[in-house]
Novice: 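Sharing a structure, written as structure tokens. Questions coming.
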Amino acid sequence: MKYDDVMKLALERGFYFPSCEVYSDAQAGFWEYGPAGVGLKNKFIELWRRELIRRDKMIEVDGSQIMSKSVFEASGHLASFADPIVRCTKCKSTYRADKIIVDATKTVIPESAGLDEFDKVITEKNVKCPKCNGDFGSTKKFNMMFQVGIGPEGEEAYLRPETCQSIFVDFPRLFKTMRGKLPLGIAQIGKSFRNEIAPRQSLLRLREFYQAEIEVFCNPARLNDLDKFSEIENTKIPIQVDNEVKIMTCKEAVDSKIIPNKFVAYYLGILIEFYEKAGIDIQKSRFRKLEEKEKAFYAEVAFDFEVETTTGWLELVACNYRADYDLSGHATKSKEKFEVMDNDEKVLPHVFELSMGIDRSLYTILEHSLREDKENDRTVLSLKPYLSPIHVGVLSLVKKDGLAEKTDEIYLKIKRKYDVFLDHSGAIGRRYRRLDEVGAPYAITIDHQTLQDDTVTLRMRDSMEQNRIKVSELDEILSKKTAFP
RNA sequence: GCGGUCAUAGUAUAGCCUGGUUAGUAUUCGGGGUUUCCAACCCUGUGACGCGGGUUCGAAUCCCGCUGACCGCACCA
């Protein structure tokens, strides 16, 4: 199924839709989750907690979205999270200053150079607009962070462009008060904000978006000293080497030095196990090792976890070895101590991060789960039962003869424990189809036989098969079928 | 941000060129009937011209601006 089909489903079934859509000044890059979307997102996050946080004994925090200017001076975002741009005075086209200079003169100016250096080269080498041969105005910086003004004086602060900065600045307190030991994973789910030049494709490039970030603090001298590596050493991961994807076990990847150490391999291993359980088709996924110039300004080694969708390959998780970039930056700027003890050794921990885009992940789950069942003339969203916004539909076959009342009675019994959708009206087939489209894995139907022997039919979404079960066993059966793995 | 295409009910569309209709159709949705398990059928109801300005006696329709969407370019920590 294609992007357009997912989009249509999202609009019609309440997964997501544009923010502020009744107003004409609504800006691009902002989307709301509807009821079905919230259900899916909450369950996805619960799976993330189970498969990554609890599995690895990580701890979780929830930081502010607005952070002070110093944080981003120390993190490098004020200087580096910005592009030098020039604009043609004639045709108004905008270009990256460093790119246009390289193209025209082969002169490489680092992105971080002063703006006057770009202007100087443009003037000296007489660089003109490639489209219309017009002159460029002076070079400007476009920073992708949203600035906010705090209090009546409008003190300078920023909406965070990534959630992890609060983890870094909170690290000294957390390590002390939570009795931390390296390696220690600290995680956070929350919103981040980036003033994208061209947001596009709904959930795939947003200006306000959810991240689930994990920062694992470690002793750089002990990256192969990891007992739990045995848990995933035989887990297969697809890894792209020299433009070719090879499937190998984590152990093979480490032995062949494609992945630098057991520590990194462990987290790539548990990450792919998580995504498989989330219902992403991992046959269509890869870890792509980034080349030098593709990496973020803070990353030493980086693997992107990417999946294939109908819009092309899509980056879901950036796995960056950030070394001590962040902690030393904050230590210098804040004059606080960020070193900790690891056994008898005092170390400034290094950081390996798994920076996950939740919105993109949810989109991919939808696209990989949506299918057209032509034989039965229906659209089915085959979500994992534990991720479905609705666990079970409760339907009366017909409204009369006391069936509606009996149906209500059963609904009341299970509605607190499960996400249940009660429906009395319309043809039964239509009601089943509707549930198929929001991904409800099960439906129970109350019919005349129910009144006689207290049994109901249980319908399976994917096969459309039905079993007769006792109402007294309903809770036990649903509990098993909708449980997290 | 640039260029191209486009914008009508929840969704998909007709009408626009050649200005005047009760803005049509399909599907969805609500109510009722029928039907004893897979989008059937019958009755009935709700629901739309993105926003702002201009031309005109009159604008969904023509013109301008804005906003958004899609595609390509550039960008993507």
Side-chain angles (χ1 to χ4, degrees), chain A residues 3-5 7-14 17-30 34 72 75-83 85-88 91-96 99-100 103 111 129-132 142-145 160-162 164-165 192-202 204-207 211 294-299 302 304 311 314-315 318 320 322 353 355 357 373 375-379 395-401 403 425-437 443-450 456-459 461 464-466 468:
Chain A
Y3 173 83
D4 289 343
D5 300 310
M7 193 66 231
K8 190 178 166 198
L9 178 86
L11 292 171
E12 282 191 325
R13 295 286 166 219
F17 48 88
S19 294
C20 318
E21 61 180 341
V22 300
Y23 287 107
S24 64
D25 63 349
Q27 294 289 307
F30 299 94
F72 303 111
S75 72
H77 283 87
L78 271 172
S80 305
F81 197 56
D83 294 331
I85 54 170
V86 283
R87 197 180 165 121
C88 172
C91 74
K92 310 289 183 205
S93 296
T94 309
Y95 301 91
R96 274 188 62 154
K99 293 238 164 157
I100 200 93
D103 290 350
E111 227 185 283
C129 174
K131 264 191 201 157
C132 71
F142 176 70
N143 194 296
M144 301 230 299
M145 285 196 292
R160 61 185 181 188
E162 52 181 10
C164 58
Q165 290 306 323
S192 290
F193 305 82
R194 292 178 194 176
N195 200 359
E196 295 285 350
I197 299 169
R200 218 166 259 196
Q201 291 175 313
S202 58
L204 303 191
R205 197 182 316 159
L206 295 160
R207 287 186 167 130
Q211 288 187 303
E294 281 184 297
K295 292 187 305 194
F297 61 87
Y298 46 65
D304 275 355
T311 65
L314 180 65
E315 176 191 339
N320 297 308
R322 299 173 75 126
E353 79 170 353
S355 172
D373 178 359
E375 196 184 328
N376 296 297
D377 189 27
R378 60 179 192 148
T379 303
L395 317 175
S396 48
L397 185 60
V398 291
K399 261 187 270 191
K400 54 189 182 182
D401 303 332
L403 290 188
S425 65
I428 190 76
R430 176 179 296 279
R431 283 178 278 163
Y432 286 145
R433 293 302 191 281
R434 248 191 315 246
L435 289 167
D436 289 341
E437 276 190 35
I444 60 169
T445 303
I446 285 76
D447 58 15
H448 288 95
Q449 194 181 329
T450 309
V456 294
T457 59
L458 176 71
R459 172 188 183 267
R461 173 195 63 203
M464 296 171 73
E465 280 171 11
Q466 286 180 296
R468 196 124 206 135

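All values reported here derive from a predicted model rather than from experimental measurement. Chain A is the first sequence line, chain B the second, and so forth, proteins listed ahead of strands; every chain is numbered from 1.
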Novice: Would you classify A:T457 as touching base, sugar-phosphate or nothing, given that sugar-phosphate means primed atoms plus P, OP1 and OP2, and contacts are heavy atoms under 4.0 Å?
Specialist: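 Answer is base: heavy atoms of A:T457 come under 4.0 Å of a base.
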Novice: To the nearest Å, how far apart are A:F81 CZ and B:C75 P?
Specialist: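 Atom CZ in A:F81 sits about 15 Å away from atom P in B:C75.
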Novice: For the pair made of CD in A:E315 and P in B:C76, what is the distance, rounded to whole Å?
Specialist: 12 Å
Novice: Could I get a table of every N or O pair under 3.5 Å where one atom is in the protein and the other is in nucleotides 25-30 of chain B?
Specialist:
residue : atom : partner : partner atom : Å
B:U28   : OP1  : A:R430  : NH1          : 2.6
B:U28   : OP1  : A:R430  : NH2          : 2.7
B:C29   : OP1  : A:R434  : NH1          : 2.1
B:C29   : OP2  : A:R430  : NH1          : 3.1

Novice: Considering every strand and a 4.0 Å limit on heavy-atom distances, what is the contact class for A:M144: base, sugar-phosphate, or nothing?
Specialist: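 Touches nothing.
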Novice: Once hydrogens and angles are ignored, does a donor-acceptor distance under 3.5 Å link the base of B:C37 to the side chain of A:R431?
Specialist: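 There is none.
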Novice: What I want to find out is whether A:D373 reaches A:R461 closely enough, with some N-O distance under 4.0 Å, to be called a salt bridge.
Specialist: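 Answer for the salt bridge query: no.
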Novice: For A:K8 and for A:A26, locate the closest nucleotide of RNA chain B by heavy-atom distance; then report the residue assigned to the nucleotide nearer the 5' terminus.
Specialist: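 Per heavy-atom nearest nucleotide, the more 5' residue is A:K8.
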Novice: State whether the distance check finds a donor on one side and an acceptor on the other, under 3.5 Å, for side chain A:R459 versus base B:C38.
Specialist: yes
Novice: Please state how far atom CG in A:L9 lies from atom P in B:A39, giving the value in whole angstrom units.
Specialist: 19 Å
Novice: Is A:Q466 side chain donor-acceptor paired with the B:C37 base, going by distance under 3.5 Å alone?
Specialist: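 Present.
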Novice: Taking all non-hydrogen atoms of both residues, which atom of A:P161 and which atom of A:F81 are closest, and how far apart?
Specialist: CB-CE2, 3.7 Å
Novice: How about A:Q201 and A:M7: do any of their side-chain heavy atoms sit closer than 4.5 Å?
Specialist: no
Novice: Measuring to OP1 and OP2 of B:C71, would you say a side-chain N or O of A:Q201 lies under 4.0 angstrom away?
Specialist: yes
Novice: For nucleotides 43-54 of chain B, tabulate all protein N/O to nucleotide N/O atom pairs closer than 3.5 Å, reporting atom names and distance.
Specialist:
residue : atom : partner : partner atom : Å
B:C51   : O2'  : A:S24   : OG           : 3.4

Novice: A:L397 has an atom CG; how far is it from atom P of B:U35, in whole Å?
Specialist: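 In whole Å, B:U35 P and A:L397 CG are 12 Å from each other.
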Novice: Tell me whether the side-chain N/O atoms of A:K399 come closer than 4.0 Å to OP1 or OP2 in B:G32.
Specialist: yes
Novice: Atom CZ of A:R433 and atom P of B:C37: how far apart are they, to the nearest Å?
Specialist: 15 Å
Novice: If you compare all heavy atoms of A:L204 against all heavy atoms of A:T311, which two are closest, and at what distance to 0.1 Å?
Specialist: CD1-OG1, 3.7 Å
Novice: Among the candidates B:G68, B:U11, B:C75, find the nucleotide nearest to the side-chain atoms of A:I197.
Specialist: B:C75
Novice: What nucleic acid atoms does A:E465 come within less than 4.0 Å of, heavy atoms only: base, sugar-phosphate, or nothing?
Specialist: nothing
Novice: Look at the side chain of A:R200 against the base of B:G72 and say whether a donor-acceptor pair falls under 3.5 Å; ignore hydrogens and angles.
Specialist: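 Between B:G72 and A:R200, which were checked side chain against base, a qualifying N/O pair under 3.5 Å is present.
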Novice: Taking the side chain as every heavy atom from C-beta outward, state whether A:R431 and A:R434 have any pair of such atoms under 4.5 Å apart.
Specialist: yes
Novice: Pick base, sugar-phosphate or nothing for A:Q211, based on heavy-atom distances below 4.0 Å to the nucleic acid.
Specialist: base
Novice: Return no unless some side-chain N or O of A:Q27 is found under 4.0 Å from OP1 or OP2 of B:G68.
Specialist: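 Yes, A:Q27 has a side-chain N/O under 4.0 Å of OP1/OP2 on B:G68.
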Novice: With salt bridge (charged side-chain N to carboxylate O under 4.0 Å, His left out) as the criterion, how do A:D447 and A:R468 come out once you've worked through the C-alpha distance, each side chain's angles and the decisive distance to 0.1 Å?
Specialist: CA-CA 11 Å; A:D447 58 15; A:R468 196 124 206 135; 2.8 Å; yes
Novice: Classify the side chain of A:D447 versus the base of B:C37 as yes if they form a donor-acceptor pair under 3.5 Å and no if they do not.
Specialist: yes
Novice: Could you tell me the separation between the CD atom of A:E162 and the OG atom of A:S75, rounded to the nearest 0.5 Å?
Specialist: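 Result: 6.5 Å between the selected atoms.
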Novice: If pairing requires Watson-Crick or G-U wobble contacts with both distances under 3.5 Å, which nucleotide is the partner of B:A48?
Specialist: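 Partner of B:A48: none.
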Novice: Check every strand shown and say whether A:Y3 touches a base, only sugar-phosphate, or nothing at a heavy-atom separation below 4.0 Å.
Specialist: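 Touches sugar-phosphate only.
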Novice: Is there a side-chain contact between A:M145 and A:L78 in this structure, where contact means two heavy atoms from C-beta onward sitting under 4.5 Å apart?
Specialist: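 Yes, close enough: below the 4.5 Å cut-off.
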